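In what follows, chains are A, B, ... by sequence order, proteins preceding strands, each numbered from 1. Everything quoted here is computed from the prediction, not taken from an experiment.
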2 protein chains.
Amino acid sequence: MRRAATMGDVASLAGVSHQTVSRVLNDSPAVRPETRERVLAAIEQLGYRRNIAARALVTRRSQTLGVVSFGTRLYGPTTAVHAIEQAARQAGYYVSIASEEFLDATTLRAALERLAEQAVEGIVVIAPQKQAQSALAELPDGVPAVVIDGHPDCGAPRVYVDQVHGAADATRHLLDQGVTTVHHVAGPLDWLEADARVEGWRQVLQDAGRPVPELRHRGDWSAGSGYAAGLALAEDPTVEAVFVANDPMALGVLRALSERGRRCPEDILVVGFDDVPESAFYLPPLTTVRQDFPALGRKSIDLLLAQIQGSRVERSEVVPAQLVVRTSSRRPEPTTRRTR
Amino acid sequence: MRRAATMGDVASLAGVSHQTVSRVLNDSPAVRPETRERVLAAIEQLGYRRNIAARALVTRRSQTLGVVSFGTRLYGPTTAVHAIEQAARQAGYYVSIASEEFLDATTLRAALERLAEQAVEGIVVIAPQKQAQSALAELPDGVPAVVIDGHPDCGAPRVYVDQVHGAADATRHLLDQGVTTVHHVAGPLDWLEADARVEGWRQVLQDAGRPVPELRHRGDWSAGSGYAAGLALAEDPTVEAVFVANDPMALGVLRALSERGRRCPEDILVVGFDDVPESAFYLPPLTTVRQDFPALGRKSIDLLLAQIQGSRVERSEVVPAQLVVRTSSRRPEPTTRRTR
DNA sequence: AAATTATGACCGGTACTAGGA
DNA sequence: TTCCTAGTACCGGTCATAATT
């Protein structure tokens, strides 16, 4: 394998100095169009490609942003990561990923360390688990960072979806259907989002003076865990409505209800959270709360770039959640209830 | 911001030469343990971190692998990318992602160009669309590459799931339930996998001497497109069994059937493809064909590393697909058919 | 002589200066 | 002036080689 062409090679082929080649590559205005053409032709001819290691060495800029993510099989993080990539690229950055399947302080630290080794210019952390928050304190010194769905005092600017309002809207919507109260299938204990959704749900019930059912059901975001919770809920004849902390768990609940002969929405109303693409096709179509994950990703990059460019940065940015009403939560008119 | 510590700083603090520091970092045996300790202490004290740009410049190795992916919202590619990251990291490589939402020759070329700029040492391309194949011919010259689910003569070693056998198994399983023939809801025209699944399906029907229904239904992998196909299938009273090219589309079919009052599995049998985590909780639980996406990712890195290390590499590696039988495809015994 | 350690060239760019057309 | 050449000092490592125990 021949050694790759260098700037000097291009320069001598084009009959200019290496300095001029550099100017052309960096879009300096101080190059005559005609000269620029000659240089570009030489670049083309030699298949020259700038050595980014050399460039990074002298400019002290890696042109790379880092992304740390956990639970990458989940719809939310995956979608957000994708949006991050797009936005970062459009801003002229490469993206390096450091993700792990499960999070604990050790793996988060390791992931941050890997990114630090690469001298990334900024880091986006998607770490909605509580135990991530402590490790976040150790974000590399001078490196700008943004946290998605993190804790208010995690030390870095945050971008987050308004989980509390989303959960409140869902719960209020269920109460509006005329039920006495709403049960909740919560997400895992360690997740901040799970807490926020519990809070929104509880708040609305309390404000409405409704009994707050004991929180007995905690899933792990999976359909299987929702199914288990659904079996228990189906046993309880007083249950009229259930707010489930995400869509896959809601799918599990729907299946459990159906197996136990409890019809949705005739007997029990169900609302999910996330609005995964499939939820409109569950049986019945699922009412849910949409989170705009792509917006989350884009805004995190906006905040990060602002920091890199040295602007003062808002401490946080909120993305609203939006209730999407479908069949699973609409109580049929009592008159039509048994006609079908 | 103070300038970061350099090897020379560490060296003078430890009272050795920069060369010795380098040896310590590269685990050279030619360093007295006592000296090594001193150096490590100095590194710790200064918070020294090796500059990978400088290292890459002289070693001509970026320690980075590139991944190109499209349709990153789909379960398969996402899962595979994740496995790739894990495997690459374990092998001591960083991972740079270049993905786009939609693929065409231009975006693929752009993605490969971005990775080439970064001087990645190897590339994994996940590009199961037909139109990707031509652009694959332009894989950067000397850069090792592996293609996941690509065309046999795409020019690079391939790792792929045995789609044809998976589809054949699914179809055969349906015939075994006693139906006359099996209908198919295919994936998008441009996808190789869609073709392979059609082929496996058709093959089995032909071999069994069954009528091959005209291929009228083509979705885009989404539940919505499956729903549309399902509505049409529900109209046709002769349809006894449907093999759907992926799980989300199968979900759409199930919903359409249910809406039109055709029961699954009593009236129509359904089989999907992919085994997404939710499919066990569809109504009814979906029989499907599991693809081992993590294995796909791992094996692609194995092949890539082998190439990088200069070994001769098998042209391709196959990952088997596995039929997972659940409720949606099991015809109830005729005697119990109407009892419930 | 063998084991360590020190020295300087080099990787391929960028940034600067001085000066020519 | 405006554009460009020429030359050189970096950036922070690695490697080959020489020098020192």
* Are side-chain heavy atoms of Leu25(A) and Tyr48(A) found at a separation under 4.5 Å? -> yes
* Report yes if at least one side-chain N or O of Arg60(A) is closer than 4.0 Å to OP1 or OP2 of dG12(D); otherwise report no. => yes
* Distance check: side-chain N/O of Ser17(A) vs OP1/OP2 of dG7(D), anything under 4.0 Å? -> no
* **Euclidean distance, atom CE of residue Met7(B) to atom P of dG12(D) [Å, nearest integer]** => 12 Å
* **Short side-chain N/O contact to dT14(D) OP1/OP2 from Ser22(B), under 4.0 Å** => yes
* Residue Val58(B), side-chain atoms from C-beta onward, closest of dG12(D), dG13(C), dT14(C) -> dG12(D)
* Given atom CG of Asn51(B) and atom P of dG12(C), what is their separation to the nearest angstrom? -> 16 Å
* For Gln118(B) and dG12(C), give me the distance from atom CD to atom C1', rounded to whole Å. => 18 Å
* Would you kindly give the CG-to-C1' distance between Leu57(A) and dC11(C), to the nearest whole Å? => 9 Å
* Asked: When the distance from CZ of Arg23(B) to C1' of dT5(C) is rounded to whole Å, what number comes out?
  -> 7 Å
* **Short side-chain donor-acceptor distance under 3.5 Å, Glu85(A) and Ser99(B)** => yes
* With Gln133(A) as reference, evaluate Pro128(A), Cys154(A), Pro152(A) under the side-chain contact (heavy atoms from CB on, under 4.5 Å) test and give the passing residue. => Cys154(A)
* Thr20(A) vs dC4(D): side-chain N/O to OP1/OP2 distance below 4.0 Å -> no
* Does OP1 or OP2 of dC11(D) have a side-chain N or O of Thr59(A) closer than 4.0 Å? -> no
* Asked: Between Leu103(B) and Ala127(B), which heavy-atom pair has the shortest distance, and what is it?
  -> CD1-CB, 4.3 Å
* Asked: Taking Glu121(B) for the side chain and Ser62(B) for the main chain, is one N or O donor matched with an acceptor at less than 3.5 Å?
  -> yes
* Asked: Would you say a side-chain N or O of Arg50(A) is under 4.0 Å from OP1 or OP2 of dT14(C)?
  -> yes
* Roughly how many Å is it from CZ in Arg38(B) to C1' in dT4(C), rounded to a whole number? -> 12 Å
* Asked: Is any side-chain N or O of Arg32(A) under 3.5 Å from a base N or O of dT2(D), one able to act as donor and the other as acceptor?
  -> no
* Specify the residue among Arg55(A) and His18(B) whose closest nucleotide of DNA chain C lies further upstream toward the 5′ end. => His18(B)
* Asked: Can you find a side chain N or O atom of Asn26(A) that sits less than 4.0 Å from OP1 or OP2 on dT14(C)?
  -> yes
* Asked: Which whole-number value in Å describes the distance from Leu25(A) CG to dA15(C) P?
  -> 12 Å
* Roughly how many Å is it from CZ in Arg49(A) to P in dC11(C), rounded to a whole number? -> 21 Å
* Determine whether any donor atom in the side chain of Gln19(A) lies under 3.5 Å from an acceptor atom in the base of dT14(C), or the reverse, and answer yes or no. => no
